Novice: 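Quick one: this structure, given as structure tokens, is what I'll be asking you about.
All values derive from a computational prediction rather than experimental measurement. Per chain, numbering begins at 1; letters A, B, ... match sequence-line order.
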Amino acid sequence: MDARGQSVKCGKLDAPRAGSVAQALLDWYDTHARSLPWRMPPGANRADPYRVWLSEVMLQQTTVAAVIPYFERFTTRWADVAALAAAPEDEVMAAWAGLGYYSRARRLVECARVVAARGGFPEDEAGLRALPGLGAYTAAAVAAIAFGQRAVVVDANVERVVARLFDIEQPLPAARAAIREAADAITPDVRSGDFAQAMMDLGAGICSVRAPQCLICPLRSDCRGQVRAEQLPVKPPKKAKAQRIGHAWWIERDGAVWLIRRPASGMLGGMRALPDDGWNARADGSAQAPLAGAWREVGRVAHVFTHVALDLAVMVSQGGDNPSGEGEWWPLDRLDEAGLPTLYARAAALAMAGRG
DNA sequence: CAAGCGTGGAT
DNA sequence: TATCCAAGCTT
């Protein structure tokens, strides 16, 4: 980058004045932004790597508001990476229930054990990138925020801010190379962790997807895309969502319900669940019950995943059922500790209310 | 590299 | 109500 504030060449891009962009953003950050309460204050060169890593993994595709209570519970229960490494995987999975993208939880444990075994986190971006669950974004964010290293941190916020700042009209995902190059050009050598957090706070609060507030943006004098900010970055069209119908089975005996654990891969992989029919019922309602017995429908859960919309009928056993295979009788008075993902937590709530 | 993978809040 | 999409990673 060019700390003198001169225009710099960035590949084919004529970049805004790189040094002035970084300085204006950091000035704004020092006086206005602080979205994550567990972060070190602006200007702190380093932060606790365990907390930075944990928060960054939780924040992958997940809103700050959703993460905060989980982060508090995790750090209370497992105060450092050694404690998390020593935790049984199923307890961590259960604690993650409701946060989504459950492969993160299994990789979180795997990563904690690798880090504990080697005596601490790697302090360079390449070493971090090799850890389970750390991709390009998270490795760069931890390197910059936890270890004070210069790293080019690019998430969806940074993509949006940079696409607008440099007026990059090429659609995603093809634009990623140019966006990364441009982000590199404006990333300062010092305080790159604060810079990254400032870019993300700017993207979340001012340079937002809809209705960006260009009039109060600290970068407006350097921004080339503000006349069409809302159109940038250009995104690819989405695919239609598959519709599915399924049935979940509520089998209760002696104050306990029969729960299974889902296969490690696939939807809700590795999580406890109600037994179900695999969500492949025919739309005419003629599902084939895998279990013997009589059933009564007590309600339906309409649940929308990233690429599937599911209509799940909750069926309560009227007797004659015969649970088979792997599973466990889970006490109803501790059902909230089972770590059911949201879909099955809702189904269970319907069953508890309607089981008569 | 496109597809698969959760959930909840905002509009 | 429908749609978008958020501090992405893995295969």
Novice: Can you check the distance between B:dC1 and C:dT10, where both ends of the measurement are the C1' atom (answer in whole Å)?
Specialist: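 The same atom, C1', in both gives a distance of 12 Å.
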Novice: For A:I68 and C:dA6, what is the distance between atoms CD1 and P respectively, to the nearest whole Å?
Specialist: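 Distance check: A:I68 CD1 to C:dA6 P gives 18 Å.
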Novice: Check whether any side-chain N or O of A:K239 sits under 4.0 Å from OP1 or OP2 of B:dA3, and answer yes or no.
Specialist: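 Yes, A:K239 has a side-chain N/O under 4.0 Å of OP1/OP2 on B:dA3.
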Novice: Does A:T138 put a side-chain nitrogen or oxygen below 4.0 Å from OP1 or OP2 of C:dC9?
Specialist: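 Yes.
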Novice: Any ion pair linking A:R244 and A:D277 (charged N to carboxylate O, less than 4.0 Å)?
Specialist: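 No, no charged N to carboxylate O under 4.0 Å.
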Novice: According to the ring pair (Phe, Tyr, Trp, His ring centres under 6.0 Å) rule, which pairs have a member within residues 181-221 of chain A, sequence neighbours left out?
Specialist: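 Counting only pairs at least two positions apart or across chains, no ring pair (Phe, Tyr, Trp, His ring centres under 6.0 Å) contact touches residues 181-221 of chain A.
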Novice: How far, in whole Å, is C:dA7 from B:dA3 if one measures between their C1' atoms?
Specialist: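 About 22 Å, rounded to a whole number of Å.
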Novice: State whether the distance check finds a donor on one side and an acceptor on the other, under 3.5 Å, for side chain A:T62 versus base B:dG6.
Specialist: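 Checked by distance alone, the answer is yes.
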Novice: Using a distance-only test with no angle check, is there a side-chain donor-acceptor pair under 3.5 angstrom linking A:R262 and A:Y102?
Specialist: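 A:R262 vs A:Y102: no donor-acceptor pair found between side chains.
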Novice: Compute whether any side-chain donor of one residue and acceptor of the other, for A:Y137 and A:Q60, lie under 3.5 angstrom apart.
Specialist: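 Looking only at side-chain atoms, A:Q60 and A:Y137 do not form any donor-acceptor pair under 3.5 Å.
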Novice: Could you say whether A:L134 or A:E56 is positioned toward the 5' end of DNA chain C, judged by the nucleotide with the nearest heavy atom to each?
Specialist: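 Its nucleotide being nearer the 5' end, the pick is A:E56.
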Novice: Does C:dC5 have OP1 or OP2 under 4.0 Å away from a side-chain N or O of A:K238?
Specialist: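 Checking A:K238 against C:dC5: at least one side-chain N or O falls below 4.0 Å of OP1 or OP2.
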Novice: Can you tell me, in whole Å, how much space there is between the P of B:dG6 and that of C:dT3?
Specialist: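 Between the two P atoms, the distance is 22 Å.
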Novice: With a cut-off of less than 4.0 Å, is there a side-chain N or O of A:T342 near OP1 or OP2 of B:dG8?
Specialist: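 Result: yes.
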Novice: Is A:R106 touching bases, backbone alone, or none of the nucleic acid, heavy atoms closer than 4.0 Å?
Specialist: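 No contact.
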Novice: If the cut-off is 4.0 Å, is A:Q60 near the phosphate of C:dG8, judged by side-chain N/O to OP1 or OP2?
Specialist: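 So the side chain of A:Q60 is outside the cut-off, no N or O lying under 4.0 Å from OP1 or OP2 of C:dG8.
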Novice: Hey, does A:K235 reach any base, or is it just sugar-phosphate, or nothing, if we go heavy atoms under 4.0 Å?
Specialist: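 Touches sugar-phosphate only.
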Novice: Using a 6.0 Å cut-off, check whether atom CG of A:D254 has over 12 heavy atoms from anything other than its own residue.
Specialist: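 No - once you tally the heavy atoms of other residues, nucleotides and ligands closer than 6.0 Å, there are 12 at most.
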Novice: Would you please indicate if the ring centroids of A:H307 and A:F305 are separated by under 6.0 Å?
Specialist: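 A:H307 vs A:F305: aromatic centres not under 6.0 Å.
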Novice: Which part of the nucleic acid, if any, lies within contact of A:A136, taking any heavy atom under 4.0 Å across all strands shown: a base, the sugar-phosphate backbone alone, or nothing?
Specialist: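 Touches sugar-phosphate only.
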Novice: Within the 4.0 Å heavy-atom criterion, would you say A:G266 contacts the bases, only the backbone, or no part of the nucleic acid?
Specialist: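 Sugar-phosphate contact only.
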Novice: Heavy atoms under 4.0 Å, any strand shown: does A:L99 hit a base, just sugar-phosphate, or nothing?
Specialist: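 Contact class for A:L99: base.
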Novice: Please state how far atom CG in A:L172 lies from atom P in B:dA2, giving the value in whole angstrom units.
Specialist: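 Spelled out: CG on A:L172 to P on B:dA2 is 12 Å.
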Novice: B:dC5, C:dA6, C:dA7: which one has an atom nearest the side-chain heavy atoms of A:N157?
Specialist: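 Nearest nucleotide to the side chain: C:dA7.
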Novice: Which listed nucleotide (C:dA6, C:dT10, B:dT7) is nearest to the side chain of A:R129?
Specialist: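 Between C:dA6, C:dT10, B:dT7, the one nearest the side chain of A:R129 would be C:dT10.
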Novice: Contact class for A:R176 (heavy atom, under 4.0 Å): base, sugar-phosphate, or nothing?
Specialist: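 Counting heavy atoms under 4.0 Å across all strands, no contact is made by A:R176.
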Novice: Quickly work out the A:W53 CH2 to C:dA7 P distance and round it to whole Å.
Specialist: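 In whole Å, C:dA7 P lies 21 Å from A:W53 CH2.
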Novice: Mind calculating the distance between OH (A:Y101) and P (C:dT10) to the nearest angstrom?
Specialist: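 Result: 14 Å.
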Novice: Without decimals, in angstroms, what is the distance between A:L268 CG and B:dG4 C1'?
Specialist: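 Those two atoms, CG and C1', are 12 Å apart.
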Novice: Go nucleotide by nucleotide along DNA chain B from the 5' end; which of A:T63 and A:S265 gets its closest nucleotide reached first?
Specialist: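 The residue mapped nearer the 5' terminus is A:S265.
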Novice: Taking A:R104 for the side chain and A:Y101 for the main chain, is one N or O donor matched with an acceptor at less than 3.5 Å?
Specialist: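 Pair found, side chain donor or acceptor close to backbone of A:Y101.
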Novice: C:dC5, OP1 or OP2 - any side-chain N/O from A:R210 closer than 4.0 Å?
Specialist: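 A:R210 to C:dC5 OP1/OP2: no side-chain N or O under 4.0 Å.
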Novice: Do NZ/NE/NH1/NH2 and the carboxylate oxygens of A:R46 and A:E123 come within less than 4.0 Å?
Specialist: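 Looking at A:R46 and A:E123, the cut-off is met.
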Novice: Any N or O donor-acceptor pair under 3.5 Å from the base of B:dG4 to the side chain of A:T306?
Specialist: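 Absent.
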Novice: At under 4.0 Å between heavy atoms, what does A:M200 touch on the DNA or RNA strands: base, sugar-phosphate, or nothing?
Specialist: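 Base contact.
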Novice: Would you say a side-chain N or O of A:H303 is under 4.0 Å from OP1 or OP2 of B:dT7?
Specialist: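 A:H303 to B:dT7 OP1/OP2: side-chain N or O found under 4.0 Å.
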Novice: Given C:dT11, B:dA2, B:dG6, identify the nucleotide with an atom nearest to the side chain of A:P173.
Specialist: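 Among the listed nucleotides, the one closest to the side chain of A:P173 is B:dA2.
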Novice: Reckon A:A141 touches a base, only the sugar-phosphate, or nothing at all at heavy-atom distances under 4.0 Å?
Specialist: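 Here A:A141 touches no strand at all.
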Novice: Within the structure shown, what part of the strands sits under 4.0 Å from A:V209 by heavy-atom distance: base, sugar-phosphate, or nothing?
Specialist: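 It contacts sugar-phosphate atoms only.
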Novice: Whole angstroms only, please: what is the CG-P distance between A:D155 and C:dC9?
Specialist: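 Rounding to the nearest Å, CG of A:D155 and P of C:dC9 are 10 Å apart.
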Novice: Would you mind reading off the distance between A:Y102 atom OH and B:dG6 atom P, rounded to a whole angstrom?
Specialist: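 Interatomic distance, OH of A:Y102 to P of B:dG6: 7 Å.
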Novice: Please report, rounded to the nearest Å, how far the P atom of B:dG4 is from the CD atom of A:Q61.
Specialist: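 About 16 Å, once rounded to whole Å.
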